[in-house]
Amino acid sequence: QVQLVESGGGLVQAGGSLRLSCAASEHTFSRYVMGWFRQAQGKEREFVGGISQSGGATYYADSMKGRFTISRDNAKNAVYLQMNSLEPEDTALYLCAASALRIIYMDQGNYAYWGQGTQVTVSS
C-alpha cells in the first residue's frame, strides 16, 4: 500500500508561486502514475494534472496549463507541483494520488491511493 504525504502549502499573494511536494512510502513508486487534484471548500474535487511513471509525459487540466508544472524524482519517491501566477481561485486543498494504471486519467476513481492534502490559500 502506498502512503502519500503532501507538503509545501501555505498562504501566498495573488501572482505568487508555490511548490508542493508529495512524498511516497512505496519503494516501487516508479510503477505509479501520479496525479494532483484539488478541492475548494464547497466544491467538487477536480483534476489538476498527472505525470507518467517515468516522468516523460504530463497532462494538465485546461485551466492549469501554462501556470502549473508537475515533475517527479523516482530516486526520491517524490512528485512535485510547481504553481505560478497563482490566483485567489486556486485556493483549495491540494492532494496527490497514485494510480497503478498506465494512463494518466482525469477521473479520481482511477487513483487508488491518496494523501491527506496540503492547503493552499491565495489572497487577493
Side-chain angles (χ1 to χ4, degrees):
Q1 185 172 354
V2 182
Q3 293 184 332
L4 303 171
V5 179
E6 302 91 338
S7 61
L11 175 65
V12 62
Q13 288 188 331
S17 298
L18 278 177
R19 187 191 193 214
L20 306 184
S21 299
C22 174
S25 63
E26 178 60 49
H27 68 282
T28 58
F29 173 73
S30 62
R31 296 181 183 178
Y32 295 90
V33 165
M34 298 299 296
W36 282 97
F37 292 78
R38 69 183 186 182
Q39 188 164 19
Q41 194 167 7
K43 295 187 177 180
E44 292 186 355
R45 187 173 296 179
E46 66 173 337
F47 176 78
V48 173
I51 189 166
S52 63
Q53 293 97 323
S54 68
T58 53
Y59 183 77
Y60 300 93
D62 286 344
S63 61
M64 320 297 173
K65 289 179 182 177
R67 296 192 301 127
F68 291 6
T69 303
I70 297 173
S71 60
R72 67 189 295 165
D73 186 338
N74 287 340
K76 295 183 179 180
N77 289 353
V79 62
Y80 308 100
L81 176 62
Q82 177 68 42
M83 305 185 294
N84 299 326
S85 302
L86 284 164
E87 305 165 352
E89 293 73 23
D90 295 315
T91 294
L93 181 70
Y94 284 74
L95 307 100
C96 69
S99 170
L101 304 175
R102 292 181 174 272
I103 298 174
I104 301 170
Y105 286 99
M106 297 179 65
D107 185 347
Q108 60 180 309
N110 291 298
Y111 294 80
Y113 306 104
W114 292 82
Q116 294 298 310
T118 185
Q119 179 68 36
V120 172
T121 303
V122 184
S123 63
S124 57

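Remember, predicted model here, so these are calculated numbers, not experimental data.
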Heavy-atom pair of closest approach, residues [X] and [Y]:
X	Y	answer
Glu6	Gly117	OE1-N, 2.8 Å
Ala92	Ala40	CB-N, 3.7 Å
Ala98	Met34	CB-SD, 3.6 Å

Quick check for you: to the nearest 0.5 Å, what is the distance between [X] atom [atom1] and [Y] atom [atom2]?
X	Y	atom1	atom2	answer
Ser7	Tyr80	OG	OH	9.0 Å
Asp90	Ser63	CG	OG	8.0 Å
Arg38	Met64	CZ	CE	3.5 Å

Quiz item: Asn84 and Ser17: side-chain contact (heavy atoms from CB on, under 4.5 Å), yes or no, with the steps?
Solution: CA-CA 4 Å; Asn84 299 326; Ser17 298; 3.0 Å; yes
Taking only residues two or more places apart in sequence, or in another chain, which ones meet [X] in a side-chain contact (heavy atoms from CB on, under 4.5 Å)?
X	value
Thr58	Ile51, Tyr60
Thr121	Leu11, Thr91, Gln119
Ala57	Ser52

Same cluster or not: are [X] and [Y] linked, directly or through other Ile, Leu, Val, Met, Phe, Trp or Tyr residues, by side-chain heavy atoms under 4.5 angstrom apart?
X	Y	result
Phe68	Val12	yes
Met106	Val33	yes
Leu20	Leu86	yes
Tyr94	Val2	yes
Val79	Leu95	no

Exercise. Sequence neighbours left out, what passes salt bridge (charged side-chain N to carboxylate O under 4.0 Å, His left out) with Arg31? Give chain and number order.
Key: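 Result, salt bridge (charged side-chain N to carboxylate O under 4.0 Å, His left out) vs Arg31: none returned.
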Quiz item: Which residues pass the ring pair (Phe, Tyr, Trp, His ring centres under 6.0 Å) test with Tyr59, sequence neighbours left out?
Solution: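 Scan of Tyr59 (ring pair (Phe, Tyr, Trp, His ring centres under 6.0 Å), adjacent residues dropped) gives none.
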Practice problem: Please identify each residue that fulfils ring pair (Phe, Tyr, Trp, His ring centres under 6.0 Å) with Phe37, with sequence neighbours left out. | Solution: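 Testing Phe37 for ring pair (Phe, Tyr, Trp, His ring centres under 6.0 Å), a comparison that skips the adjacent residues, returns Phe47, Tyr111, Trp114.
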Quiz item: Can you tell me if NZ on Lys65 sees more than 12 non-hydrogen neighbours from other groups inside 6.0 Å?
Solution: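 Result for NZ/Lys65: enclosed.
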Quiz item: More than 12 heavy atoms of other residues, nucleotides or ligands under 6.0 Å from CD of Gln3: is that the case?
Solution: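 At most 12 heavy atoms, drawn from other residues, nucleotides or ligands, come within 6.0 Å of this atom.
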